[in-house]
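Worksheet: the structure to be examined is printed underneath.
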Amino acid sequence: MNSLSVKDFRLDYTLECGQIFRYDKVDGYYFVSHRDSLFKIKQIGNKLYYKNTSKKFLKSFFRLDEDYKKIIKNISKDNHIKRTIKSLYGLRIIKQDPWECLISYLCSSNSNIPKIKKNLNLISKCFGKRITLDGFESYTFPNPGELSHSKKLWSCKVGYRADFIKKVNRSINYSELRSLRKKSYGIAKNRLLQLPGVGEKVADCVLLFSLDKSNAFPVDVWIKRAMQELYFKNKNVSNKEIREFGQSYFGEYAGYANQFLFYNRRLLK
DNA sequence: AGACAGGGGAGTG
DNA sequence: CACTCCCCTGTC
């Protein structure tokens with residue numbers, strides 16, 4: 001078992017806040033599946049204990065080299081967000097693989113977390129390769145280009161999203177997807193919006209969770225509720241207005257503020 | 001048992 | 001903008 005010292009980091013908040021789907025908690029360890037990798041990890045105090053991955057991967061995946069205090073300071077605009085941050089301090093935005101992230105959020109429309117989780121596990125089981133770690137069984141996530149079989153996709157219970165996945169699978173390749181990391185928020189977003197099944201919300205999730213666009217501000221029903229309650233006196237406001245307000249009000253790291261508000265609002269239910 | 005909602009998107013007016 | 005339908009699943 002390897003270990004790694006961390007600060008300003010909470011593994012539980014980071015994994016469970018709804019940004020990632022293929023993980024399971026077994027006997028105190030999180031077993032995390034992402035693309036080709038399967039690793040186990042737990043946190044005790046300020047130490048991470050892990051197996052089947054590397055320090056280098058974990059630092060990148062959990063963005064451990066990012067200046068957390070600077071980000072927190074940057075988004076701490078008022079008492080609402082300060083309170084929220086305080087209760088979830090240590091939550092970080094994971095740097096996901098853009099392909100798995102794109103397919104994940106393609107599955108998320110008109111759905112819910114348990115179902116998205118189920119869909120992704122089925123897709124992996126159906127199209128990926130079996131892998132195990134200490135008795136835990138999982139499957140690799142299929143590669144770009146491998147999701148072209150309609151009937152098999154349908155069997156993964158994704159419903160009408162099967163057609164979106166199939167079309168996205170053939171209309172963007174991995175290198176183009178990855179290259180969006182180097183593009184601006186606007187350029188990258190416009191490219192994603194051309195893909196079938198990708199609207200504002202899905203695009204912003206992919207940008208924030210996998211393409212290094214920390215200013216993206218995805219607006220779903222939970223963020224809408226939280227934002228209207230805290231910043232719009234409970235008035236009904238359009239998603240567009242919420243997004244634009246969120247981005248300009250919180251600034252460069254608006255996506256972090258978004259994730260704090262999102263998870264906090266979901267915990268309240 | 002049947003209605004309904006669940007982390008949207010696309011098409012229409 | 002506002003409205004409707006999209007297919008599936010879990011829940012009451």
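All values below come from the heavy atoms of this structure, side chains included, with hydrogens, waters and symmetry mates left out. Order of the sequence lines sets the chain letters (A, B, ...), proteins ahead of strands, with each chain counted from 1.
Nucleic acid contact for A/Val198: sugar-phosphate only, since backbone atoms but no base atoms lie under 4.0 Å from a heavy atom of the residue. When heavy atoms are screened at a 4.0 angstrom cut-off, A/Pro196 is found touching the sugar-phosphate backbone but no base atom.
Under 3.5 Å, the side chain of A/Tyr160 and the base of B/dG8 form at least one donor-acceptor pair of N or O atoms.
In this structure, A/Leu195 atom CG and B/dG8 atom P are separated by 19 Å, rounded to whole Å. One interatomic measurement links the two molecules: OH of A/Tyr105 to C1' of B/dG6, which rounds to 16 Å at whole-angstrom precision. Put simply, CZ on A/Arg225 is 12 Å from P on B/dA5, counting in whole angstrom units. Atom NZ of A/Lys117 and atom P of B/dG7 are 14 Å apart (whole Å). To the nearest angstrom, C1' of B/dG9 lies 16 Å from CD of A/Gln194. Rounding to whole angstrom units, CD1 of residue A/Ile113 and C1' of C/dT11 are separated by 17 Å. Nucleotide C/dG10 holds its C1' atom 13 Å from the CG atom of A/Asn119, rounded to whole Å. Atom P of nucleotide C/dT4 and atom CG of A/Asn110 are separated by 15 Å, given to the nearest angstrom.
One finds no side-chain N or O of A/Lys115 lying less than 4.0 angstrom from the OP1 or OP2 phosphate oxygen of B/dG6. Side-chain nitrogen and oxygen atoms of A/Lys118 include none within less than 4.0 Å of the OP1 or OP2 phosphate oxygen of C/dC8.
Heavy-atom nearest nucleotides on DNA chain B were determined for A/Phe164 and for A/Phe262, and the one closer to the 5' end corresponds to A/Phe262.
At least one cation-pi condition fails for A/Lys115 and A/Phe21: the charged atom is not both under 6.0 angstrom from the six-membered ring centre and inside a 45 degree cone around its axis.
Each of A/Ile94, A/Ile93, A/Leu102 was scored for a side-chain contact (heavy atoms from CB on, under 4.5 Å) with A/Phe209, with one residue passing: A/Ile93.
Comparing B/dG7, C/dC8, C/dC1 by their closest approach to the side chain of A/Lys201 singles out B/dG7. Looking at the side chain of A/Asp220, the nearest of the listed nucleotides B/dG7, B/dA10, C/dC8 is B/dG7. For A/Ser109, the side-chain atoms get nearest to B/dG8 when compared with the rest of B/dG7, C/dC8, B/dG8.
Using a cutoff of 4.0 Å between basic side-chain nitrogens and carboxylate oxygens, A/Glu200 and A/Arg243 are scored as salt-bridged.
When the P atom is compared between B/dA10 and C/dT9, the two are found 22 Å apart, to the nearest whole Å. Look at the C1' atom in both B/dG9 and C/dG10: the space between them is 22 Å, to the nearest Å.
Taking the centre of each ring, A/His80 and A/Tyr231 come in below the 6.0 Å mark.
Between the side chains of A/Asn110 and A/Arg161, no donor-acceptor pair is found at a separation under 3.5 Å.
Of the nucleotides present, B/dA10 is the one that pairs with C/dT4 by Watson-Crick or G-U wobble criteria, both distances under 3.5 Å.
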